[in-house]
Structure formats: structure tokens, C-alpha cells
Amino acid sequence: MSGGLVDVNALIGGHPFRDIPHPEPGILLRVLEREMIRAAWVGHLPSAFWRDSLPGNARLYEALASHSPKLRPVPVVRPDWPGWERAVAEANARGAPAVRAYPPQWRMGPDDAHMAALARACAEAGLVLLLTVRFEDARQRHWMDAAGDLSGAAIRHIVRAADARIIVTAAGRALIEEVHWGLTPEERARLFWDISWIWGPPEDDLAHLLRTVGASRFVYGTHWPLRLAQTPRANLALLPDDVADPKLADPDDIVRLAGAR
């Protein structure tokens, strides 16, 4: 597949802290058609909150089986769980472009050795590693959701652990700047950010980051169904003239760089 936007940050399934109407693959397909997005990397939202993510991966593969290649599975790999290496191997065998990991939800600290091991495994398998900063804004987060945001220190630790390609989703300008300017040029080249949580007008954080960090470090993502799928498209359309029509990184190119099929 080539040409057109790819949403690297879409999810199916329910959320434990609020109702999400119709988070099914069929609805996601309609959203992609409406937003003129040619494909999506899709995760299983409940798995982020389950102690054992393996059953969620099985449900994800089953749910998307009839929707390939429009919807591509991105399973969860919890690297402190027995048999996690088999989950990496299965993702590779099934042609997944990436795997997801959720260190805050698993109570992993910023220098956790398990995440470093997962980064090395992804590099060896040629899989992109996808990290999520947050699911909810702090203002709307349920009091039972005790997991904090993914920290800049944790992201830097994972980037430096291995020659893996990493996409961080749901990050805002402050975190992106903190991490980006704290890495070497070689390390920055392995790291990408989706635009799902970057503000457009009037803050114009997206325009600022495109000028300073560069469009090549960003990919398209919506964080559907937790956020409106229209938002990133609108933010791109509202960019000022000097950064209009930015050439975002192509997820297919990132997969090729990672060595994934």
C-alpha cells in the first residue's frame, strides 16, 4: 500500500472508565472512509488494562481477520509476563507492523529493564514499538485510573536501549520538546510522534513543532475512539501557510526501516 494517510493510533474495544459507543471494526472502517484515511494500525483497548494481554491479542487478530489490509493488528506485548517472546514472534508471523506496550499501566518505572528488553526484541524482529502517553486528559480522568502519563525519562530510556523504531502516541508539545531536544540526532531518527494530542489553533502547537522539530518526525494518528477522528485532519487543514501541507512520515516507510514486512 502506498499513498494516502495511515492512522497509526486507532483502537477497538471498550474502556473501563467510561462508555465508548460502538468501538467495533465495522464502525472504524466507516470512520476511515469518511476521513479519507486509507488504512489504520489497530490496537485492542481493553488489553492495556488487563493483567494478561494475550487473550486480548487473540480477540484482536480474530476481529480484524476479515478487514485486512485496511485494518492492521497491533497487539500488546507485556515484557514482564511469562511467554512474552512468543507474542513478539506471533506478531511478526502475522505480519503486524508494530506492537504496543503500556509501561504506566504495568507500574514500570522510567528505567525498567523489561522495556529495554522489549525494545531489543522489536529491533531484532523488525517490528515498530508503539507507546502511548495517555488515554484521558487529566481533567476527565476517572479517579480509579491511577496510572500516570508515560514520562520523558521512560521514552528516552527505551529509545536508547536498542536500534528499534519507536512511535509515541498521545503526546503534547511539552513532552515532545523535552524528549526530542534531550536526544542525539541518531536517537531522534529512530523516534516518531503521532499528532493526535497536539493542539492546533489558537495555541498552534502543531505549527510550532513542524517548524522546530520537523514534519519528518511526525505521523498521522487519531486515537479513535477516545478522541474525535476529525481533529487531526482539521489541525492539518488550519496550519499557517509557511507549514501548510506538511510531508509527515509514512508509516510504511517506518516499517521498512524497522525491517518489518
Side-chain angles (χ1 to χ4, degrees), residues 1-15 20-48 50 53-78 83-102 118 121-132 164-167 169-170 192 194-196 219-227 229 232-233 248-261:
M1 295 185 295
S2 62
L5 292 171
V6 174
D7 181 359
V8 303
N9 187 19
L11 298 156
I12 60 170
H15 188 265
I20 298 176
H22 309 299
E24 298 96 19
I27 303 299
L28 175 56
L29 285 171
R30 287 162 52 185
V31 170
L32 297 184
E33 182 177 359
R34 183 192 69 206
E35 299 301 315
M36 295 178 289
I37 300 171
R38 66 177 171 88
W41 294 8
V42 184
H44 183 252
L45 178 56
S47 295
W50 291 353
S53 59
L54 296 179
N57 291 343
R59 295 185 188 184
L60 177 69
Y61 291 133
E62 181 180 5
L64 302 187
S66 62
H67 302 298
S68 178
K70 190 84 170 178
L71 304 182
R72 303 188 67 186
V74 180
V76 174
V77 177
R78 179 171 177 170
W84 68 270
E85 297 92 344
R86 292 194 297 274
V88 173
E90 182 178 18
N92 201 21
R94 288 179 175 268
V99 298
R100 283 180 171 263
Y102 301 103
L118 177 57
C122 287
E124 183 176 346
L127 290 166
V128 177
L129 176 56
L130 196 150
L131 306 171
T132 300
R165 266 49 182 189
I166 296 168
I167 296 176
T169 70
F192 302 85
D194 92 330
I195 65 171
S196 63
V219 292
Y220 193 84
T222 64
H223 214 182
W224 184 93
L226 293 167
R227 291 179 70 81
R233 173 78 74 171
L248 303 179
D250 186 337
D252 289 347
D253 290 340
I254 299 173
V255 169
R256 282 190 284 271
L257 288 170
R261 47 187 162 179

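To the nearest 0.5 Å, atoms CG (Leu130) and OG1 (Thr132) are separated by 5.5 Å. Atom CG of Asp7 and atom CZ of Arg38 lie 11.5 Å apart (nearest 0.5 Å). Atom CZ of Arg165 is separated from atom SG of Cys122 by 12.5 Å, given to the nearest 0.5 angstrom. Atom NZ of Lys70 is separated from atom CG of Leu28 by 9.5 Å, given to the nearest 0.5 angstrom. The OG1 atom of Thr169 sits 14.5 Å away from the CZ atom of Phe192 when rounded to the nearest 0.5 Å. Atom CZ of Arg72 sits about 15.5 Å away from atom NE2 of His67, to the nearest 0.5 Å.
Considering every non-hydrogen atom in both Ala98 and Leu127, the closest pair reads N-CD2, 4.2 Å. Contact between Pro23 and Pro225 at its shortest, heavy atoms only, is CB-CG, 4.0 Å. Looking at every heavy atom in both residues, Leu11 comes nearest to His44 through CD2-N, 4.4 Å. In this structure, Pro55 and Trp50 approach most closely via the heavy-atom pair C-CZ3, 4.3 Å. Minimum interatomic distance between Val255 and Pro97 (heavy atoms only, all atoms of both residues): CG2-CB, 3.8 Å. Residues Pro75 and Ala91 come closest through the heavy atom pair CG-CB, 3.7 Å.
A side-chain contact (heavy atoms from CB on, under 4.5 Å) with Trp84 is found for exactly one of Leu118, Leu54, Val99, namely Leu118.
Without hydrogens or angle criteria, Arg233 side chain to Glu35 main chain gives a donor-acceptor distance under 3.5 Å. Under the 3.5 Å distance criterion, the side-chain polar atoms of Asn57 are matched with a main-chain donor or acceptor of Val76. Judged purely by atom type and a 3.5 angstrom limit, Tyr220 has no side-chain atom pairing as donor or acceptor with the backbone of Pro251.
Residue Glu33 places its CD atom among 12 or fewer non-hydrogen atoms of other residues, nucleotides or ligands, all under 6.0 Å distant. Atom CD of Glu124 is surrounded by 12 or fewer heavy atoms from other residues, nucleotides or ligands within 6.0 Å. A 6.0 Å sphere centred on CZ of Arg34 holds more than 12 heavy atoms belonging to other residues, nucleotides or ligands.
Ile195 is not listed as a side-chain neighbour of Val219, based on a closest heavy-atom distance of 4.5 Å or more. Counting heavy atoms from C-beta outward, Val42 and Trp224 have side chains that stay 4.5 Å or more apart. The side-chain heavy atoms of Ser47 and Leu60, taken from C-beta on, include no pair separated by under 4.5 Å. Residues Val128 and Ile167 form a side-chain contact, since some pair of their non-hydrogen atoms from C-beta on lies under 4.5 Å apart. Proximity of Arg256 to Asp252: side-chain heavy atoms (C-beta onward) are separated by under 4.5 Å at one or more points. When side chains are defined from C-beta on, Ile12 does not count as touching Leu45, because their heavy atoms never get closer than 4.5 Å.
Under the 3.5 Å distance criterion, with hydrogens and angles disregarded, a donor-acceptor pair is assigned to the side chains of Asn9 and Arg100. No side-chain N or O of Thr222 forms a donor-acceptor pair with one of Ser196 less than 3.5 Å apart.
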- Query: Given the rule in the salt bridge (charged side-chain N to carboxylate O under 4.0 Å, His left out) test, do Glu90 and Arg94 qualify, once you have shown the distances and angles that lead to the verdict?
  - Reply: CA-CA 6 Å; Glu90 182 178 18; Arg94 288 179 175 268; 2.9 Å; yes
